[in-house]
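Contents: one structure, followed by commentary.
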Amino acid sequence: MDVKTANECENDDVEQNLSYEVKQDVDEELPHAEVVDIFQEGLAMIVQDPLLCDLPIQVTLEEINSQIALEYGQAMTVRVCKADGEIMPVVVVQNATVLDLKRAIQRYIQLKHQREGGIQHISWKYVWRTYHLSFSGEKLEEDSRSLREYGIKNRDEVVFVKKLKNK
């Protein structure tokens, strides 16, 4: 038969109370907004790292991964020049295809509009039907070809060119 001293009983009571309080804290659910705030604070701290300091405050995991891939040489930045002169630094993997670049452009513009509260919807079908991408005067027409096949390297500039209508 186990006989406990008064001190042991007191310790058991403290442990039970602590485990009950911890269990209550775990069972308590935080409101979504509070979780988002905590997450944003954590991201803001991460973005202060010299490697990630070029990223916006409302950074996505995708952008962090792209920046890290750039740092390790697993990705490259393609500078995409729009007709209005704006240059968009778009990050793609080293062996990216033209289709990968188009999707990266779409994602870049989508994130930009979300952050600025701009246009809600862009018809990419219309954009790619009306414009094509060009590098050193050569049209990037085949979506399945790699950017390397066109000679595109890190920090090269690709431009949007309006397609001419066939009569």
Side-chain angles (χ1 to χ4, degrees), residues 28-167:
E28 244 179 67
E29 289 186 22
L30 294 174
H32 177 73
E34 195 173 323
V35 172
V36 169
D37 288 343
I38 292 168
F39 180 75
Q40 290 295 339
E41 287 173 18
L43 271 180
M45 288 172 42
I46 290 171
V47 173
Q48 291 173 357
D49 183 282
L51 173 66
L52 305 172
C53 65
D54 293 334
L55 295 173
I57 296 296
Q58 296 175 328
V59 68
T60 64
L61 180 60
E62 180 183 358
E63 290 171 311
I64 291 173
N65 287 337
S66 293
Q67 195 68 26
I68 292 169
L70 269 174
E71 203 57 35
Y72 283 105
Q74 298 166 345
M76 65 179 171
T77 302
V78 177
R79 298 164 35 104
V80 181
C81 186
K82 290 176 28 181
D84 62 4
E86 179 188 350
I87 295 177
M88 303 178 291
V90 178
V91 178
V92 293
V93 292
Q94 288 287 349
N95 60 347
T97 63
V98 173
L99 183 60
D100 295 332
L101 176 60
K102 287 179 177 181
R103 287 183 178 147
I105 291 168
Q106 290 173 207
R107 183 73 176 133
Y108 177 91
I109 291 174
Q110 177 189 7
L111 286 171
K112 182 178 176 202
H113 286 302
Q114 279 178 354
R115 290 183 179 123
E116 296 173 356
I119 301 167
Q120 296 299 317
H121 177 73
I122 294 175
S123 171
W124 289 104
K125 208 177 226 182
Y126 171 79
V127 170
W128 300 126
R129 194 174 52 228
T130 309
Y131 294 88
H132 62 262
L133 297 170
S134 176
F135 173 70
S136 295
E138 184 179 359
K139 295 176 187 176
L140 309 181
E141 292 181 306
E142 291 182 51
D143 284 349
S144 60
R145 280 185 66 187
S146 75
L147 298 178
R148 281 190 183 159
E149 290 177 47
Y150 284 106
I152 299 171
K153 299 178 296 300
N154 192 27
R155 295 192 182 102
D156 279 346
E157 196 168 287
V158 171
V159 294
F160 269 104
V161 178
K162 191 162 177 92
K163 291 181 179 178
L164 299 174
K165 291 184 179 181
N166 295 333
K167 289 188 177 186

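Predicted model only: the values in this text are computed from it and were never measured.
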Reported [atom1]-to-[atom2] distance for the pair [X] and [Y], which is rounded to 0.5 angstrom:
{"X": "Ser134", "Y": "Lys163", "atom1": "OG", "atom2": "NZ", "result": "12.0 Å"}
{"X": "Asp143", "Y": "Leu101", "atom1": "CG", "atom2": "CG", "result": "10.0 Å"}
{"X": "Thr60", "Y": "Gln114", "atom1": "OG1", "atom2": "CD", "result": "9.0 Å"}
{"X": "Ile109", "Y": "Met88", "atom1": "CD1", "atom2": "CE", "result": "4.0 Å"}
{"X": "Met76", "Y": "Ile152", "atom1": "CE", "atom2": "CD1", "result": "6.5 Å"}
{"X": "Glu116", "Y": "Leu111", "atom1": "CD", "atom2": "CG", "result": "11.0 Å"}

So do [Y] and [X] actually touch side chain to side chain, heavy atoms under 4.5 Å?
{"X": "His132", "Y": "Glu141", "value": "no"}
{"X": "Phe160", "Y": "Val127", "value": "yes"}
{"X": "Val93", "Y": "Gln74", "value": "no"}
{"X": "Val158", "Y": "Val90", "value": "no"}
{"X": "Leu70", "Y": "Gln67", "value": "yes"}
{"X": "Ile38", "Y": "Leu30", "value": "yes"}
{"X": "Leu147", "Y": "Val98", "value": "yes"}
{"X": "Arg148", "Y": "Gln94", "value": "yes"}

Exercise. Using the ring pair (Phe, Tyr, Trp, His ring centres under 6.0 Å) rule, collect all pairs that involve residues 102-125, keeping only residues at least two apart or in two chains.
Key: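 Residue pairs passing ring pair (Phe, Tyr, Trp, His ring centres under 6.0 Å), neighbours aside: Trp124-Trp128.
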
What is the minimum heavy-atom distance between [X] and [Y], and which atoms define it?
{"X": "Arg155", "Y": "Arg79", "result": "O-CD, 3.6 Å"}
{"X": "Tyr150", "Y": "Glu142", "result": "OH-N, 3.3 Å"}
{"X": "Val92", "Y": "Val78", "result": "CG2-CG2, 4.0 Å"}

Quiz item: Can you tell me if NZ on Lys139 sees more than 12 non-hydrogen neighbours from other groups inside 6.0 Å?
Solution: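 No, the 6.0 Å shell around NZ holds no more than 12 heavy atoms from other groups.
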
Quiz item: For Arg103, does the CZ atom sit with more than 12 other heavy atoms under 6.0 Å from it, leaving out its own atoms?
Solution: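 Result for CZ/Arg103: open.
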
Quiz item: Side chain of Asp100, backbone of Thr97: donor and acceptor closer than 3.5 Å?
Solution: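 Between the backbone of Thr97 and the side chain of Asp100 there is a qualifying donor-acceptor contact (under 3.5 Å).
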
Quiz item: Between Arg115 and Glu63, is there a side-chain N and carboxylate O pair less than 4.0 Å apart?
Solution: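 Yes, Arg115 and Glu63 are salt-bridged.
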
